[in-house]
Amino acid sequence: MVNEVQKLLDSFGINAFSIKKLEGYGSTNYKITDDGGDQFVLKHYTDQKVLPLLIEEIGFVDKIKENLPYQVPYTLEKQNERIHHFADESFARLLPFLKGTFLAETRITPELSYDFGRSMALMVSELSSSKSLYFASKRTEWDLLFALKSKPLLQYIEDPHQRKIAHYFLDQFEHFTLPTLRSLPRQLIHNDFNEWNVLCEEDKVCGVIDFGDATVTPRICELAIGLAYIMQKQELPLAIASEVIRGYVSISKLSKQEIEILPSLITTRICTSVCGSAKAKKESFDSDYILISEKGGWDLLNKWIGWSPILLNDLFREAAGVQECNKKYSHLASEKTRKDRFSPALGLSYDIPIHMSSAAFQYMYDREGNAYLDAYNNIPLVGHSHPKVSEAVSKQIRTLNTNTRYHNQSLYAYAERLLEYFPAQLDRVFFVNSGTEANDLAQRLSKTFTNRNGKIVMEMGYHGHTTELVNLSAYKYNGEGGGGRNELVCELPLPKEYRGKYKSVEEYFIEAKSIIESCIDGGHEFSSLLVEPISGCGGQVPLIDGYLEQLVPWLKEKGIISISDEVQIGFGRLGKWFWGFEMQRFTPDIVVLGKPIGNGFPLAAVVTTQAIADAFDNGMEFFSSFGGNPIATEVGLAVLNIIEEEGLQKHSFETGEYFKKNLRMLQNIHPKIGDVRGEGLFLGVEFINGDGSPGGSICKKVKNQLKGMFILTGSDGKHDEVLKMKPPLCFNRGNVDRVVMAMDKVLRTI
Ligand SMILES: Cc1ncc(COP(=O)(O)O)c(C=O)c1O
């Protein structure tokens with residue numbers, strides 16, 4: 001080969017002073033410097049299949065080079081030959097070495113961004129008349145129309161957090177973008193304005209190289225791909241994107257549809273790139289050229305999740321000069337529908353409510369283009385819109401949706417899997433659709449098993465919205481509009497450590513025993529104790545350590561069974577423990593599961609012992625039309641898989657500890673914070689006034705001002721004095737920092 005190269009150079013009259021190998025794929029490339037200082041690139045190919053494409057490329061590059069204001073790599077001609085064939089059937093061509101600094105090595109200014117956009121539009125415009133036969137039928141892995149080919153490569157991404165983000169964006173592309181993309185105008189495009197293919201000089205593009213990925217595809221892909229690269233590693237990627245788009249539309253208009261799918265095309269291109277890198281890494285394909293863009297790509301995808309899709313659309317539309325008049329929404333229409341069509345009993349969060357539009361992982365987006373950090377919603381345990389949950393639903397709903405009167409593999413697989421998380425004696429499960437239903441069933445089970453009617457509950461407890469459950473929820477029956485405690489119900493004081501009636505578990509235990517004994521003496525017969533190991537509505541109050549460890553065995557001696565309501569705290573949220581009852585060191589007779597079990601899909605469960613489940617079989621069939629349907633059980637399985645795959649319990653522990661540590665630091669600065677408590681990512685901050693009284697109004701201000709800073713939290717407690725945080729478990733340290741800094745800022749102003 002060296003001889004052949006030498007011969008080729010001789011035939012061009014080039015006296016090579018130096019020959020240096022360059023990075024690249026598809027061909028072996030050499031940079032040649034002749035003795036006069038002129039520089040060339042020699043591209044050597046061994047794959048005969050690329051020959052027709054090369055011939056076409058040489059043709060269209062010759063044509064466009066005349067009109068473009070920047071250089072393109074045209075092929076030099078010698079003795080009427082552009083492609084030189086060698087005896088071993090390989091072939092080569094010689095191109096002038098284009099001068100300039102790679103975009104990758106250039107500081108990106110607004111001027112350069114604008115020119116970059118303009119250069120892409122000029123390329124698209126020049127190539128629009130090229131009728132290329134081979135490029136039209138070429139299938140390149142980098143064609144965004146075929147981006148879904150990257151989906152199987154997701155498995156090579158080692159970090160599960162990163163994997164799920166790439167999965168999410170590809171999923172969005174598949175369902176929302178691809179159908180539109182397929183219908184958009186197509187033509188030949190360069191298809192790879194990446195930072196190593198674009199040369200710059202003085203804030204202008206001075207050259208574009210490498211037509212190796214050129215293809216016929218929707219023309220919007222040119223802009224999307226360029227943006228996917230230029231936005232990486234930038235402090236203000238959206239400002240740069242806007243300039244690029246402005247530059248682009250100074251030459252060519254964009255249609256509304258093209259703009260609408262542009263954000264998704266950008267993230268899709270980054271996903272194909274990081275998926276390719278992951279596979280290459282796995283196969284120890286040690287090429288810097290392939291791996292080079294990985295970090296910038298991941299950083300941008302992670303940032304992207306925190307941007308509202310509506311904001312992106314507005315920004316891009318504005319930059320493209322496409323006016324739309326849906327910018328300013330008023331809540332008036334929503335308020336009217338709410339007022340005219342719903343009962344005023346339905347509450348809304350925050351002084352100024354939010355109209356939500358979509359969500360991803362720990363972020364929620366309203367319809368005005370704001371992105372909120374969700375530090376509050378505990379139902380989307382594994383994150384909003386998790387692609388594996390979405391896939392579980394959509395696959396199963398296309399296959400079979402039925403009920404528990406038939407054998408079903410998914411039902412059985414899920415039951416087995418779920419019960420693995422419980423002590424051996426808790427080996428029976430019922431599936432229903434909501435926490436309320438599950439609690440109601442738990443009550444029926446306990447009543448049938450013990451043949452008693454009385455119930456023991458805790459102060460400030462909440463367990464559901466039916467008549468039966470409102471009667472068992474002190475939070476409701478003692479609250480506004482409540483009818484007071486039912487005579488069959490015995491209510492125990494909440495054993496709080498902070499500002500509690502007592503200091504020790506023994507004192508609370510003695511008091512509980514005496515209340516229950518006096519009720520029993522008065523003729524009450526109790527079937528069960530219904531309790532949350534950490535009281536959510538009580539204000540994220542962990543029951544004083546060891547309380548249930550002492551109380552439950554004592555109740556058992558009296559034939560009273562225990563029901564642990566894990567609807568809010570279950571499934572690894574507490575970090576150190578998968579279930580709240582583990583934290584209180586007792587084994588309940590019945591466990592009630594809901595909310596996070598289906599990540600928002602209606603699913604709930606009651607787990608119990610064989611003895612209790614058998615006793616329930618008194619001749620009356622138990623049947624729930626939807627309870628245990630295979631869509632729900634597939635979702636349940638997906639949630640458990642995600643918790644394991646993404647190590648969410650451990651993550652919840654570590655992030656929760658970090659959160660608590662930082663909140664306690666805040667407590668040292670702000671005396672308004674009386675207590676910081678909770679476990680894992682189930683935390684509460686209790687506020688107090690200067691005189692030590694409950695700081696309900698401080699809490700309200702903090703909650704609403706945090707919302708104004710696009711952070712969602714909630715409040716609860718007897719005086720609404722506790723700020724509640726129970727975010728999706730993918731909440732990270734950066735998110736914690738944002739919440740704590742915002743709280744600091746807010747507290748300084750109150
Ligand atoms: C502890 C607890 N139990 C039960 C329920 C009722 O669940 P659902 O709203 O799914 O009926 C809730 C709801 O907030 C709850 O917090």
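Just so you know, these numbers come straight off a predicted model, no measurement behind them. One-based numbering, in listed order, for ligands and for the atoms of each.
In this structure Q425 satisfies the side chain to side chain donor-acceptor pair (under 3.5 Å) test with no other residue, sequence neighbours excluded.
Proximity to Q568 (heavy-atom distance under 4.0 Å) selects the following atoms of ligand 1: 1 (C), 16 (O). Interface atoms of ligand 1 facing N439, defined by a heavy-atom separation under 4.0 Å, are 3 (N), 4 (C). Annotation for ligand 1: atoms under 4.0 Å from non-hydrogen atoms of V567 are 2 (C), 3 (N), 4 (C), 5 (C), 12 (C), 15 (C). For ligand 1, the atoms sitting less than 4.0 Å from at least one non-hydrogen atom of S434 are 10 (O), 11 (O), numbered in the order shown with element in parentheses.
In this structure, the protein non-hydrogen atom closest to atom 2 (C) of ligand 1 is Y462 O, 3.3 Å. The nearest protein atom to atom 4 (C) of ligand 1, hydrogens excluded, is given as H463 O, 3.2 Å; this is a heavy-atom distance. Looking at atom 3 (N) of ligand 1, its nearest protein heavy atom turns out to be D565 OD2, 2.7 Å. Looking only at protein heavy atoms, the nearest one to atom 14 (O) of ligand 1 is K595 NZ, 2.7 Å.
The shortest N or O to N or O distance between E532 and ligand 1 is not under 3.5 Å. Residue contacts with ligand 1: G435 is placed with a nitrogen or oxygen under 3.5 Å of a nitrogen or oxygen of the ligand (distance criterion only). Between E437 and ligand 1, a contact under 3.5 Å exists for no N or O pair. By the 3.5 Å distance cut-off applied to N or O atoms, H465 is not counted among the residues near ligand 1.
Between F581 and F586, the angle of the ring planes goes over 60°, which puts this pair in the perpendicular group of the 30/60° scheme. The aromatic rings of F422 and W579 sit parallel, their planes meeting at an angle under 30°, below the 60° perpendicular limit.
Between S535 and Q540 there is no side-chain heavy-atom pair separated by less than 4.5 Å. You'll find the side chain of H386 reaches within 4.5 Å of the side chain of K164, heavy atoms only. Taking the side chain as every heavy atom from C-beta outward, D589 and I612 approach each other to under 4.5 Å. Contact annotation: the side chain of L723 never approaches that of D716 to less than 4.5 Å [non-hydrogen atoms, C-beta and beyond].
Contacts between T436 and ligand 1, counted as non-hydrogen atom pairs separated by less than 4.0 Å, involve both the backbone and the side chain.
A side-chain hydrogen bond (donor to acceptor under 3.5 Å, both in side chains) check over residues 484-493, counting only residues at least two apart or in different chains, returns the pairs Y477-E491, N478-E491.
Remark: the backbone N or O of L548 is paired with a side-chain donor or acceptor of Q584 at under 3.5 angstrom.
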